[in-house]
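Written below as structure tokens is the structure these notes are about.
Naming: A, B, ... by sequence-line order, numbering from 1 per chain. Note that this is a predicted model, so its numbers are computed, not measured.
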Amino acid sequence: MQTNVRVRFAPSPTGPLHIGGVRTALYNYLFARKMGGKMLLRIEDTDQNRFVPGAEAYIIESLKWVGIEIDEGQSIGGPDAPYRQSERREIYQKEAFRLVEEGKAYYAFDTADELDAMRARLEAANAPAAQYNAITRMQMKNSLTLPAADLKARLDAGESYVIRLKTPRKEEVRLNDLIRGWVTVHSSAIDDKVLLKSDGLPTYHLANVVDDHLMKITHVIRGEEWLPSAPLHVLLYRYLGWADTMPQFAHLPLLLKPEGNGKLSKRDADLGGFPIFPLEWTDPFSGIVARGFREDGYLPEALINFLAFLGWNPGTEQELFSMDELIAAFSIEQVHKGGARFDIEKAKWFNHQYIRQQANADLAPTVQHDAEVAGFDCSIEKATKIVALLKERIHFASEIFPEARTIFYTPETYDETIAGAKWNADAKAAVAAFRDALQADEGEFVAEHIKHTLSEAMQRAGIKQGKIMQAMRLALTGSGTGPDLMLTMEIIGRPETLVRLERALERLN
RNA sequence: GGUCGAUUCGUCUAGCGGUUAGGACACUGCCCUUUCACGGCAGUAACACGGGUUCGAUUCCCGUAUCGAUCACCA
């Protein structure tokens, strides 16, 4: 039935892309790829007042970063260009006027004040709904109520107007949502929505339906916030004569606050100390910088895996999925109906899983950079070794350098608690014996050999190795905790290891 | 408030009439280990409530409660 699946992600460039938007894009993408279809990116910039410079580029860069590939869009072209709604105004106007001609829509001249007055009046009268609809429109200033001559005069004079949909008074509007099943709404709940604004640009409803039709969209996968207006869109398809090719709808559950009531917001992210945008974003008006998942050290694979599982589940016990695996496993019917609470701890866990799978060489530049920022020289070879030493232990690449910090300098101070408890006569003798053994040793300075040298030295000195290991660590790093000590020494190198042992014997008492 | 929708461990969820209600995150304990982590093992913890339908309801139906979305010349 559906031969050429085409879906679209249609954000508004009113600011950085919210993480919920990324998930919507992801589900669209997974579905498109799964079905062997196409993914479009359409920029819905019909609200001139909310336009934010840079937002469109940000959206494109974000999708690219997380690995969502667009087949058609403003930046890459396609058969239905332009993909920016502000550049398609004539297309919408044509359809809007057509609806007026066919008696399915009408001109309305009411001012904002008049609309307010109407709503106030209805509310005062305890009307069931204070809206512009089949009942109230006959009391307003529009092409249905104005005398023909008056109407013509207003239009000729260029008076500003909007075009409103003539919503039927009594009609059941049904739609079969892929996720929610049949949803029925009575047309009386839908008001006479503005289709074309007085600035000549369409509202979301018109633009959306016209573009989805023209771009041959087969499946509209979007957030739950659109569910209430979906019947209106069904009505529009019918009035425009496109009912037979109307796309299928799928309304996604929302992302909820980590705790408390409501949907996930920027404020929750700030409070919880986690990002909510994929990339760092500098507000062009205020200059305020908002953190991004990328800059916070999340791997795109981890973010995607985490997001995919917020509202969907393959039904198996597998948790780690690459994008290709997600595509293979995805099914829109398995998407949840209820909202999912956002839990950053789970995102961290996913990141840990992906960090440990990363090649050492891929993580090394981060360590090298962090070391240089801290004022240390660090070759890429050294950084790679440090990654190998630590990547299994941490959740973010940025945690590697701080854990490896003591590798870069001879300790100036020693943890006093550990020194007090562990730096005894045995420890001193052990360090001295190990130093002597190391000086005499000519083998390759690698972890395994160092370990061998150490245990031999302890045996000769008659010292129980287990008793002095923490003191040894203290002598070498100044700290009581840290990664594998033998590997640490290997990275430090023989000369520096000897310097540190000597220094400890001089300074620790 | 009207309309529409949702409701399984603290969180993400599996379940689609008969299960010891499964997994993951987090938490706790044990093991591993020279330390801290990682890892392994184990444990605490859930079907919102009330009616039906049925031999039998977490599962189907109806209420109630709670939560969510939406009611603009914003998307």
**Message:** Using a strict threshold of under 4.0 Å (side-chain N to carboxylate O), is an ion pair present between A:Glu490 and A:Lys385?
**Reply:** yes

**Request:** For A:Ser198, report the nucleic acid contact type (base, sugar-phosphate, nothing); a contact means any heavy atom under 4.0 Å.
**Result:** base

**Prompt:** Among the nucleotides B:U3, B:U35, B:A75, which one has an atom lying closest to any side-chain atom of A:Arg50?
**Reply:** B:A75

Can you give me the N/O atom pairs linking the protein to nucleotides 39-43 of chain B at distances under 3.5 Å, or say none if there are none?
unit_1, atom_1, unit_2, atom_2, d
B:G39, OP1, A:His352, NE2, 3.3

**Asked** OP1 or OP2 of B:A75 less than 4.0 angstrom from a side-chain nitrogen or oxygen of A:Lys193, does that happen here?
**Response** no

**Message:** Keeping A:Arg174 on the side-chain end and A:Val185 on the backbone end, is there a donor-acceptor pair under 3.5 Å?
**Reply:** no

**Asked** How do A:Leu254 and A:Glu345 order along RNA chain B: which one's closest nucleotide is nearer the 5' end?
**Response** A:Glu345

**Message:** Tell me whether the side-chain N/O atoms of A:Thr46 come closer than 4.0 Å to OP1 or OP2 in B:A75.
**Reply:** yes

**Residue pairs passing the ring-ring contact (aromatic ring centres under 6.0 Å, His included) test where at least one lies in residues 456-477 of chain A, sequence neighbours excluded** = none

**Prompt:** Atom CD of A:Glu224 to atom P of B:G5: distance rounded to whole Å?
**Reply:** 11 Å

**Item:** Distance in angstrom units between A:Asn351 CG and B:A24 P, rounded
**Value:** 20 Å

**Message:** Does this structure show an ion pair linking A:Lys141 with A:Asp110, if we count only N-O contacts that are shorter than 4.0 Å?
**Reply:** no

All N/O contacts under 3.5 Å from nucleotides 6-12 of chain B to the protein, with atom names and distances to one decimal?
unit_1, atom_1, unit_2, atom_2, d
B:C12, OP1, A:Arg341, N, 3.0
B:C12, O2', A:Phe309, O, 3.0

